[in-house]
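Have a look at the structure below, then the notes.
Protein chains get the first letters and strands the later ones, always in sequence-line order, with residue 1 at the start of each. Since this is a predicted model, take the numbers as computed values, not measurements.
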Number of protein chains: 2
Amino acid sequence: MSDIAEKFERINPAPAYLQVAAAIEKEITSGRLRPGEPLGTEAALVKQFGVNRSTVREGIRMLEQAGLVQRDSSRRLTIGFPHYERLASRMTRALVLHEVTFRELWEAALVLDLGAVEQAALRATPETLAELDANIARTEAAAGDWTAVVELDTQWHGLVFKAAGNRVLQLAREPAGLLNLPATELILERVTAALPRLIDAHHRITDAIRKRDPAEARLWMKRHLHDWRRGFERIGKDLDRPIDQVYLQSTAANERRR
Amino acid sequence: MSDIAEKFERINPAPAYLQVAAAIEKEITSGRLRPGEPLGTEAALVKQFGVNRSTVREGIRMLEQAGLVQRDSSRRLTIGFPHYERLASRMTRALVLHEVTFRELWEAALVLDLGAVEQAALRATPETLAELDANIARTEAAAGDWTAVVELDTQWHGLVFKAAGNRVLQLAREPAGLLNLPATELILERVTAALPRLIDAHHRITDAIRKRDPAEARLWMKRHLHDWRRGFERIGKDLDRPIDQVYLQSTAANERRR
DNA sequence: ACCAATTTGTCCGTATGTATG
DNA sequence: TCATACATACGGACAAATTGG
């Protein structure tokens, strides 16, 4: 240790690429740059920040990954609007890596779906009700095509959250929604009573929402979810097993431009 | 259009940096690379992938942003464990950009906290109960230091979710938890009755959890949250206003090594 | 506590493919 | 069709920080 008085704090400059990312992020979150607007070319950013191309690009990659900037069809940079699906896939990945169990997923779905359906009963509009009805009709028509049924079922639950008009709940639901994917398909395949019961439940819940009866809607949603759980156990699965990596599809690979 | 028979599909290679990111991500999510393990130096990756170092670095930045790889104290790359706080800040940012209202946040918190406290009542261990008690004691001692009280209150609600033993709910709560930050401080400052009521509620809920009485726990949690809402309205705030950017702290800037 | 080797952060210059007008 | 602008990718370079003897 030196004898010189220690008057100054340590200067710890963030790496340039982080400063670039932070600066751009701040412009976006502060609202000075609005979604859809062009960010400018890499060369322009190089000029503004006075750093090298490579440095700018590293910073851009981070923002790109976060969804704050996107590249349009011509690879030009535009300000993006981080949407839920993007976050959802990350949440899903985190949950799988943390080896969350089916029970945790189911219990969370119970809490969220019951809450959402209550609010939906208070707040549903004719439009959202029509969407719910249409979905059920399509589900009835899809009998036999289990993959399609599962797809529609997931969509129906999503519509309930949409009817609830709460985007925070909607975001919270995403990971719990993945409950429905492969396991549900298995259940429908193997348990004959599953599909009619599912359709009946969707009908009753939708009607309860239409009647603005939160208690009734809640009750039937509860039965519906317990039905799923019974089906899950019926096909010989263990609720306390971690969800598998089957649920994971590479996210980085999906970032390709379309 | 040419007359040559079109036998081949278009080859659309993903950019090299994405392939790098995807390849490493796959190794991690498949479990072949486990959290904490070193990923190897940039030079090593350059060799393995046969691409330029800049390219590797761009790929790394994406994984770094996603939390799948980290840099340790010496900036070497190690496999990371995407933790919830990281996702939470991302979710928060998305919600602010989407101009979510206080009402949505409050209603989501209602659904989540009520669900969590019920499960906590079924499942709390002596350890988590002790943590809840300790938190309340500290809250009582902190009276007057509103910032500290808010911090402890947020922590207490987090403990309820921890007691519920459901990581999906825990993750879902994060954005709703930010409800408590600046607004709560204002409420405590201006509404004299707020702190004693908060402490009383925390006591009663904790006791209900201890008694394994989900209904009682739920009831008091409901009152507790309605109290917050009354306080919010009392200080003249509008529930239907979007949450502000005050809630946003730059995430990129927080990525600095500590 | 010093030195040598390694590794990261940053930069420069250049070549190539592709989208747009 | 052609020219231009731009993103992608490469190779090489050097300073600063870190590690390990």
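In this structure, B:Arg71 places its CZ atom 6 Å from P of C:dT8, rounding to the nearest Å. Put simply, CZ on B:Arg76 is 15 Å from P on D:dA17, counting in whole angstrom units. If you measure from atom CG of B:Leu77 to atom C1' of C:dT8, you get 9 Å, rounded to the nearest angstrom. Regarding B:Met62, its CE atom lies at a distance of 11 Å from the P atom of D:dT8, rounded to whole Å. One atom, CD of B:Gln70, and another, P of C:dT8, lie 16 Å apart when rounded to the nearest Å. C:dT7 atom C1' lies 14 Å from atom CD1 of B:Ile60, rounded to whole Å. As rounded to whole Å, 13 Å separates atom P of C:dT7 from atom CG of B:Asp72.
Residue pairs meeting the ring-ring contact (aromatic ring centres under 6.0 Å, His included) criterion with at least one member in residues 38-81 of chain B, sequence neighbours excluded: A:His98-B:Phe81.
Residues A:Val20 and A:Leu45 form no side-chain contact, since every pair of their non-hydrogen atoms from C-beta on lies 4.5 Å or further apart. The shortest distance between side-chain heavy atoms of A:Arg71 and A:Arg76 does not fall below 4.5 Å.
Less than 4.0 Å separates DNA chain C from at least one heavy atom of each of the following residues of residues 33-43 of chain B: B:Thr41, B:Glu42.
The local environment of CD in A:Glu151 is sparse, with at most 12 non-hydrogen atoms from other residues, nucleotides or ligands closer than 6.0 Å. The environment of B:Arg32 atom CZ is dense: over 12 non-hydrogen atoms of other residues, nucleotides or ligands sit within 6.0 angstrom.
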Any N/O pairs under 3.5 Å between the protein and nucleotides 10-15 of chain C? List them or say none.
from   : atom 1 : to      : atom 2 : distance (Å)
C:dT10 : OP1    : A:Ala16 : N      : 2.3
C:dT10 : O4     : B:Arg53 : NH2    : 3.0
C:dC11 : OP2    : A:Asn52 : N      : 2.8
C:dC11 : OP2    : A:Thr55 : OG1    : 2.7
C:dC12 : OP2    : A:Asn52 : ND2    : 3.3

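The side chain of A:Arg75 approaches D:dA7 more closely than any other nucleotide in the set D:dA7, D:dT19, C:dG9.
Shown here for B:Val160 and B:Ala120, the closest heavy-atom pair between the two residues is O-CB, 3.7 Å.
Under a cutoff of 6.0 Å and an axis angle of 45°, B:Arg61 and A:Tyr17 form a cation-pi pair.
In summary, the side chains of A:Thr101 and A:Glu104 do present a donor paired with an acceptor at a separation below 3.5 Å, with no hydrogens or angles considered.
With sequence neighbours left out, A:Gln48 forms a side chain to side chain donor-acceptor pair (under 3.5 Å) with no residue at all. Listed by chain and residue number, B:Lys162 satisfy the side chain to side chain donor-acceptor pair (under 3.5 Å) test with B:Glu131 (two or more places apart in sequence, or in another chain).
Remark on the helix from C:dC2-D:dG21 to C:dG21-D:dC2: inter-end axis angle 20°, axes from five-pair C1' superpositions, rounded to 10°.
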